[in-house]
Each structure stands twice: as structure tokens, then as C-alpha cells.
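Let me begin by presenting the structure, written as C-alpha cells, before commenting on it.
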Amino acid sequence: MREIDVALVEEAIRSLFLRACREVGPDVLACLRRAHEREESPFGREALRQILENDRIAAERGMPLCQDTGMAVVFLDVGQDVHFTGGDVGEAIDRGVYRAYRDGCFRASVLDPITRENTRDNTPAVVHTRIVPGDRVTLTAAPKGFGSENMSRLFMLTPSQGVQGVMEAVVETVRLAGGNPCPPVVVGVGVGGTAERAMELAKRSLLRDCGEPSQDEALARMERELLRRINALGIGPQGLGGRVTALAVHILKEPTHIAGLPVAVNMQCHAARHASAVL
Amino acid sequence: MPTHVSAPLSREQALALRAGETVLLSGTIFTARDAAHKRLCALLDAGEPLPIPLDGQVVYYAGPCPALPGDPIGACGPTTSSRMDAYAPRLLERGLRGMIGKGPRGEAVREAIARFGGVYFAATGGAGALIAGCVKEARVVAFPELGAEAIRALRVEKLPLIVAVDAAGGDLYAAGPAAYAAAP
């Protein structure tokens, strides 16, 4: 049994959100630079130029790269040999979020869905917890803006629709989203499980380095084919027309029920932000 | 070469703009997003005066971050415009001339732009830090209790925009993708 003080969790969450909201990773920057080289549309090239310039300014000045600093999504993998001490780990995560959003001058974007009253500190975080072997804790901060989140969709396909149905669902989601989710996007796809698991898989797939193919050869083929079909839509950067609508498609799958084929598509804008730490 | 446009915007200048034209906008604009639009339309419903002028004005669909110390404003990029489609025709009817946001507009908004002589500009979504550099002054002018969603008057210099929907029926969100779509 290893004891971990929740104050360490709070500090880690604070520093991860501060980093994630201010800078995208080198993987995303490399994809954006390639997109800028490849894009033929003048509007698309200009949008990509502004995005790259923006990301440079934000990192240099330590300011958020987008005003939508998102809902604070946290992926938490807890080793089964860990014992948290010093308080409630959920409260520690929320304190870390509150301090990051206050200290970073990030926007308080979270409110009650019915009364629309703002919580004023961007809490609560949305936490996805897994119990895993070992005595470590892995934390990933993935702030999620709602321009892209609003364009996400869940399909409960029938088995007869098969892989072709999966492909059509994904392309149709990107087509309908058009310029709304701040393309070029990263398209996260979750296939299988139950309704809620499929969407969690779709979101989790976005944590992979941008453009890194699936380890599963069949899924990697689907990712390449989907990227080709999505970029043939012509939506382009910011939806103003062009060759680069998506930077990457990431798929995760899990077994599902004999009667079903859940497909979730979680859209991620070009500000594909996430940062991780291991305690 | 980009066209220099000032805000407030004259009807003649708005009518002369064409979809696909690159613009640098300077002058005073007003931020307003979901909650502020709902309040404005509720005031119109009640027949009460609005806290900001509409005639010839340009609204910016944005909810900025708090400013870093010494800055006039924090990250301040556009939000998705289609959420304001429910309100925009009413405001255009009352004299609103320009809108700045990101993403396509619905048919009712495009018709109102043509009918009342307006224009819709696209700013680059996710370029909040870059756009903040164009904002020289910011002050809350209405609904301070809405926080990031309060209405702010922004003095901007050379805000880089593209004309997305013009009063002659041009729509870059339709024409742009059509030009690059591969044959099915």
C-alpha cells in the first residue's frame, strides 16, 4: 500500500490545467504545420497561419490560447495499491481546477444546466476514474471547449450496418458539423461497449498523440480511410473551404452486445489540449 | 489587399462588402453571446429600452477570458454564431448592421442580412490570444452579472476578418466548401 496525499493531486491538477490551456502539444503543432503546407485554399492557409501565430503568442505570453478554456475533463487512473490520505480526492481535483482557472485568468464557463447560474470557478470537473494495477496515479487534464463538444454525436447502429455504417456515421457527423467545431478538427471515435462507454472511448481516443495510428491494424486502416473521406468533404480550416478539414481520426473499440453497434463521435477542435502527470 | 472597415458601420459600406473579401476592422464593437442575446430580446419583448445602441453597430459573438495583469482583455476569440441565429433577425430588423463570429448561419439570418442590409464576418475560431492583441480597450456596458457573457464595448484596431455572408446573398460557408469538395 502506498499513501498519496490528496494535496499532491491538487497541485498536479492545477499545474496540468495551467499548461494545457496555454499550449498545445508538439504533436498538434506538427500536424498544424503540415496542414498549413498542404492547404491550397487561401482562406484555409490564412486561418492556419493565424492559428499557428496564436499558439505561439499564447505559449510565449502564458495566456490561454482560446477563450473557451473548456470544461475541466480529468482522466484519473488509480493504482489499486494506492491509499489517498489528507481528504477527499474529488474535492482535491476541484480545488486544483479552481486554482488553475483563477491563477491562469481562464474563463469560468461552467453553470447549472437548468437555472443557467454560473458556478464561477469552473468546477465541478468531469472525472473519468479507472482502478488499475500498481501503486501509481496517472492524471490527465483535458480541457474541452464546447464549440466542438456540441457537434458530438452518438449512434446506436444495428449489427447489419457493420463497418460501412460506422464509416458513414463518422463522415456524416463531420459533414453536419461543417465550420462550427473550429476545424481542422481531431475526430475521436468510440465503437462498442454501451452508449455511455462508446462516448467515453471516443473522448479517450483524443488523448493519443495527434495523428498516431491505432495499434490495431484494422482500426488504423479505418482511421486512414476516414481521414481521406473527411478531407474530401472540402469543409476546410474554419469551414471556409479547403483540403484540411481534419488533422486526424482516432478510433478506440471495446466489445459490445450481440444486438448492437454503438458508435460515438467526439469532435475536438484544433486546440487539442491535454497534459498528463504520474504520481 | 484587405479592405479597411470602421465600426459603427454605414449601410453603404456594409452593402459594398462581398463574401470572400478580407477585412481589417477598427472602431468600437459590442460583445454579446447566448445569455446577453436572450436578455436583449426579452427587453424587446417587454417594450423596454436596450442598454446598447443597435443602429449601425457591430456585435461580436464572444465571451472573453479575464485579462492578464496590465492587459485590456484576456483571450477573446469568436464563439459559434449559429447559436445566436434565434435572435439575430430581430436585432438586424432593429438596425444592427454587422455580426462577427465563427461558423455558418441559418437561412433566416442570411435572409435578414439581405433584407435589412447587414453583413456577417468570420473571425478565426481558436485564435483568442491573437485577437486579444487587436483589442485596445474593453469595458463592461451591460449585464455585468453575466460575467464572461456581459456586454462589453471593445475598441479594436485592425481586427482580421473575412466577409462570410453579404447582403447580396453571397455565403462563403457554402461557396468555399463547394469549391474544394471532391466529386462523390
Side-chain angles (χ1 to χ4, degrees), chain A residues 21-22 40-44 46-51 53-69 102 104-109 116 118 120 145-147 150-151 177-183 229 231-243 245 269-271, chain B residues 2 19-20 22 31 33-35 38 61-69 71 73-83 101-105 122-133 145-149 160 162-164 171-184:
Chain A
C21 288
R22 288 168 173 165
E40 297 167 24
S41 142
F43 302 121
E46 172 60 16
L48 287 161
R49 188 196 67 73
Q50 286 187 23
I51 289 164
E53 173 76 1
N54 177 75
D55 293 356
R56 184 187 64 74
I57 293 170
E60 273 180 19
R61 295 208 58 218
M63 69 188 289
L65 51 100
C66 178
Q67 74 291 337
D68 190 350
T69 42
R102 178 197 63 189
C105 292
F106 301 161
R107 195 176 73 184
S109 306
R116 309 301 291 180
N118 200 299
R120 304 209 173 262
F146 258 52
N150 277 339
M151 297 296 119
N180 289 309
C182 277
R229 284 172 62 177
N231 284 335
L233 292 171
I235 294 167
Q238 296 295 307
L240 298 171
R243 302 293 178 205
T245 302
C269 63
H270 61 77
Chain B
T22 306
T31 64
R33 47 173 295 155
D34 308 68
K38 193 171 182 179
Y61 301 144
C65 283
L68 262 56
D71 284 0
I73 203 162
C76 186
T79 195
T80 306
S81 304
S82 57
R83 293 197 317 274
K102 69 174 176 83
R105 307 309 298 263
T124 300
L130 178 90
I131 290 171
E145 64 280 12
L146 295 180
E149 294 204 70
I162 294 167
V163 178
D171 180 2
L172 190 57
Y173 286 106
Y180 289 91

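Order of the sequence lines sets the chain letters (A, B, ...), proteins ahead of strands, with each chain counted from 1. Just so it is clear, the structure is predicted and the values come from calculations on it, not from any experiment.
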*Where do B/C65 and A/C105 come nearest, in terms of heavy atoms and distance?*
CB-O, 3.4 Å
_chain A contact via B/P64 - which portion, at a heavy-atom distance below 4.5 Å_ = backbone
_ring-ring contact (aromatic ring centres under 6.0 Å, His included) involving B/Y173 - partner list, sequence neighbours excluded_ = none
*Hey, is B/D71 close enough to A/R61 for a salt bridge, meaning N to O under 4.0 Å?*
yes
*Under 4.5 Å heavy-atom distance to chain B, tell me which part of A/A58 shows up: side chain, backbone, both or neither.*
both
*Measuring from B/I73:CD1 to A/Q67:CD, what's the distance to the nearest 0.5 Å?*
10.0 Å
*Any idea which of A/D55, A/L65, A/N231, A/I57 has the most non-hydrogen atom pairs under 4.5 angstrom with chain B?*
A/L65
*Measure B/A132 against the heavy atoms of chain A and call it side chain, backbone, both or neither at under 4.5 Å.*
side chain
*Can you say whether B/L68 sits under 4.5 Å from chain A via the side chain, the backbone, both, or neither, judging by heavy atoms?*
both
_Shortest non-hydrogen contact from B/G126 toward A/C66_ = CA-SG, 4.1 Å
_Nearest non-hydrogen partners of B/A75 and A/M63, listed with the distance_ = N-CE, 3.7 Å
*chain A contact via B/A19 - side chain, backbone, both or neither, heavy atoms under 4.5 Å*: neither
*With only heavy atoms counted, which part of A/L240 is less than 4.5 Å from chain B, the side chain, the backbone, both or neither?*
both
*Pick one of side chain, backbone, both or neither for B/T124, based on which atoms fall under 4.5 Å of a heavy atom in chain A.*
both
*Counting only N and O atoms by type, is there a donor-acceptor contact under 3.5 Å from the side chain of A/N118 to the main-chain atoms of B/L146?*
no
*How many angstroms lie between OG1 in B/T22 and CZ in A/F43, if you round to the nearest 0.5 Å?*
6.0 Å
_Selection from A/S41, A/A47, A/G179 maximising heavy-atom pairs under 4.5 Å formed with chain B_ = A/S41
*asked:* Using only atom types and a distance under 3.5 Å, with no angle test, would you say the side chain of A/N180 pairs donor to acceptor with the backbone of B/G103?
replied: no
*Where do A/R243 and B/Y180 come nearest, in terms of heavy atoms and distance?*
NH1-O, 3.1 Å
*Any donor-acceptor pair under 3.5 Å from A/Q238 side chain to B/G125 backbone*: yes
*asked:* Below 4.5 Å, heavy-atom pairs only: which of B/A179, B/G63, B/G74, B/C76 has the largest tally toward chain A?
replied: B/G63
*Kindly write out the residues that satisfy salt bridge (Lys or Arg N to Asp or Glu O under 4.0 Å) with B/R105, not counting sequence neighbours, or none if the list is empty.*
B/D85
*With a 4.5 Å cut-off on heavy-atom pairs, point out which of A/G242, A/P181, A/C182 contacts chain B the most.*
A/G242
*Please state whether the side chain, the backbone, both or neither of A/T69 comes within less than 4.5 Å of a heavy atom of chain B.*
side chain
